[in-house]
Undergrad: 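Shown below is the structure under consideration.
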Amino acid sequence: MFTIIKQSLQRIMPSITEEEMVFFISKLEHRTIAKHDFFVKEGQVAHEMAVVHKGAFRLYFTYQEREQTGHFMFEGQWIGDYESFLTRKPAANNVEALEDSEVFCLSYNNMQQLYSMGAQYERFGRLIAEYVYLVAMNSYKSLLLKTAEERYLELLETQPQILERLPQHYIASYLGIQAPSLSRIRNKLAARSARG
């Protein structure tokens, strides 16, 4: 059951020992989240981070009454609003389950307990922060600097399961376009592929 969690921890911190891993996992709480329920809601303080054991999530914010998806998270990836988690201030983002999901949660209090156990856990906290920051920055830069078609091709290359598992309107929200524009991109790429 913990294979995905262990792999996620080893990805973030390759030097983690089996003993440290077992202790870390003992601080996690298993939870199920139904499709369309929220792990974090905008305006509320994020008291936990979690690693996805099963399921899919999206992080999004609302701007001028329009939803903008920042990124998607699947098995083995961490979810939450890390800024709210660290600062104890209301979250600016929503984290919504797109499938019936299972997560293992790490509460703020348990994270502080882990920090007090030694430098290796403080390092782990720093590495999670760096990971979450880099994911957010890559998504932000991609939205600013790449066309919707380039972002779509990047999705195909890096996370092809998104296209199989998620409805088009969420993918369009991630690309910063409307669903009809996504259909046009897909048709254009299909026609180009058929010619090629």
Undergrad: Only one of Trp78, Phe2, Phe104 passes ring pair (Phe, Tyr, Trp, His ring centres under 6.0 Å) with His53; say which it is.
TA: Phe104
Undergrad: Less than 4.5 Å apart, side chain to side chain, heavy atoms only: is that true for Gln68 and Tyr63?
TA: no
Undergrad: Test your reading of the model: is there a side-chain donor-acceptor pair from Gln77 to the backbone of Phe74, 3.5 Å cut-off?
TA: yes
Undergrad: Do Arg126 and Glu130 sit within salt-bridge range, that is, some charged N less than 4.0 Å from a carboxylate O?
TA: yes
Undergrad: Please give me the minimum heavy-atom distance between Asn94 and Thr62, naming the atom from each residue.
TA: ND2-OG1, 4.5 Å
Undergrad: Which distance, rounded to the nearest 0.5 Å, do you find between the CD1 of Ile33 and the CD of Glu99?
TA: 12.5 Å
Undergrad: Could you go step by step and tell me if Tyr60 and Tyr170 meet the ring-ring contact (aromatic ring centres under 6.0 Å, His included) rule?
TA: CA-CA 10 Å; Tyr60 74 94; Tyr170 291 132; 8.3 Å; no
Undergrad: Should Glu83 and Asn93 count as side-chain neighbours, where that means a heavy-atom distance under 4.5 Å?
TA: no
Undergrad: Can you name the closest pair of heavy atoms from Ile25 and Lys6 and give their distance?
TA: CD1-CG, 3.9 Å
Undergrad: Applying side chain to side chain donor-acceptor pair (under 3.5 Å), name anything that partners Ser116, two or more places apart in sequence or on another chain.
TA: none
Undergrad: Checking the side chain of Thr32 only, and the main-chain atoms of Glu102 only, is there a donor and an acceptor separated by less than 3.5 Å?
TA: no
Undergrad: Looking only at heavy atoms, what is the nearest atom pair of Leu145 and Glu150, with distance?
TA: O-OE1, 4.4 Å
Undergrad: Supply the atom-to-atom distance Asp100 CG to Asp37 CG, rounded to the nearest 0.5 angstrom.
TA: 9.0 Å
Undergrad: Checking Ser173 side chain against Glu67 main chain: does a donor-acceptor pair fall under 3.5 Å?
TA: yes
Undergrad: Check whether any side-chain heavy atom of Met21 lies under 4.5 Å from a side-chain heavy atom of Gln10, and answer yes or no.
TA: yes
Undergrad: As a quick check of understanding, evaluate side-chain contact (heavy atoms from CB on, under 4.5 Å) for Gln44 and Phe38, giving each step before the final call.
TA: CA-CA 11 Å; Gln44 298 175 355; Phe38 290 88; over 6 Å; no
Undergrad: Compare all side-chain heavy atoms of Met111 with those of Met49 and state whether any distance is below 4.5 angstrom.
TA: no
Undergrad: Are Leu59 and Val103 in one and the same hydrophobic cluster, where Ile, Leu, Val, Met, Phe, Trp and Tyr link if side-chain heavy atoms are under 4.5 Å apart?
TA: yes
Undergrad: Give, for atom OG1 of Thr147 and atom CG of Leu153, the distance between the pair rounded to the nearest 0.5 Å.
TA: 8.0 Å
Undergrad: Which pair of non-hydrogen atoms, one from Ala148 and one from Leu175, has the smallest distance, and what is that distance?
TA: O-CD2, 3.8 Å
Undergrad: Side chains of Arg58 and Tyr174 only: does a donor on one sit below 3.5 Å from an acceptor on the other?
TA: no
Undergrad: Does any N or O in the side chain of Ser15 come within less than 3.5 Å of the main-chain N or O of Met13, such that one atom is a donor and the other an acceptor?
TA: no
Undergrad: How long is the straight-line distance from CG of Leu98 back to CG of Leu166, given to the nearest 0.5 Å?
TA: 5.5 Å
Undergrad: Could you see if Leu127 belongs to whatever hydrophobic cluster contains Ile79? Use Ile, Leu, Val, Met, Phe, Trp, Tyr and a side-chain cutoff under 4.5 Å.
TA: no
Undergrad: With sequence neighbours left out, what residues match Phe23 under ring-ring contact (aromatic ring centres under 6.0 Å, His included)?
TA: Tyr121
Undergrad: If two hydrophobic side chains count as joined below 4.5 Å and joins carry through other members, does Tyr115 share a cluster with Leu9?
TA: yes
Undergrad: Side-chain heavy atoms under 4.5 angstrom apart, residues restricted to Ile, Leu, Val, Met, Phe, Trp, Tyr: same cluster for Leu144 and Leu134?
TA: yes
Undergrad: Restricting to non-hydrogen atoms, name the atom on Val95 and the atom on Met73 that form the minimum distance, rounded to 0.1 Å.
TA: CG1-CE, 3.9 Å
Undergrad: Measure the spacing between CG of Leu156 and CG of Leu163 and express it to the nearest 0.5 Å.
TA: 5.0 Å
Undergrad: Just wondering, more than 12 heavy atoms not from Gln159 lying within 6.0 Å of its CD?
TA: yes
Undergrad: So which heavy atom on Ser183 is nearest to which on Gln168, and how close?
TA: OG-OE1, 3.6 Å
Undergrad: With a 4.5 Å limit on heavy-atom distance, are the side chains of Glu96 and Lys35 in contact?
TA: no
Undergrad: If you draw a 6.0 Å radius around NZ in Lys41, do more than 12 non-hydrogen atoms from other residues or ligands fall strictly inside?
TA: no
Undergrad: Check the angle between the aromatic planes of Phe39 and Phe57 and answer parallel, tilted or perpendicular using the 30° and 60° thresholds.
TA: perpendicular
Undergrad: Could you tell me which residues satisfy side-chain contact (heavy atoms from CB on, under 4.5 Å) with Ser181, sequence neighbours excluded, listed by chain and number?
TA: Ile177, Arg184
Undergrad: Hydrophobic cluster membership, with links at side-chain heavy-atom distances under 4.5 Å among I/L/V/M/F/W/Y: are Ile12 and Leu106 in one?
TA: yes
Undergrad: Could you tell me whether a side-chain N or O of Asn110 sits under 3.5 Å from a main-chain N or O of Lys27, the two making a donor and an acceptor?
TA: yes
Undergrad: Determine whether a donor-acceptor pair (N or O, by modelled atom type, separation under 3.5 Å) exists between the side chain of Glu75 and the backbone of Gly55.
TA: yes
Undergrad: With rounding to the nearest 0.5 angstrom, report the OG to NZ distance, Ser101 to Lys54.
TA: 7.0 Å
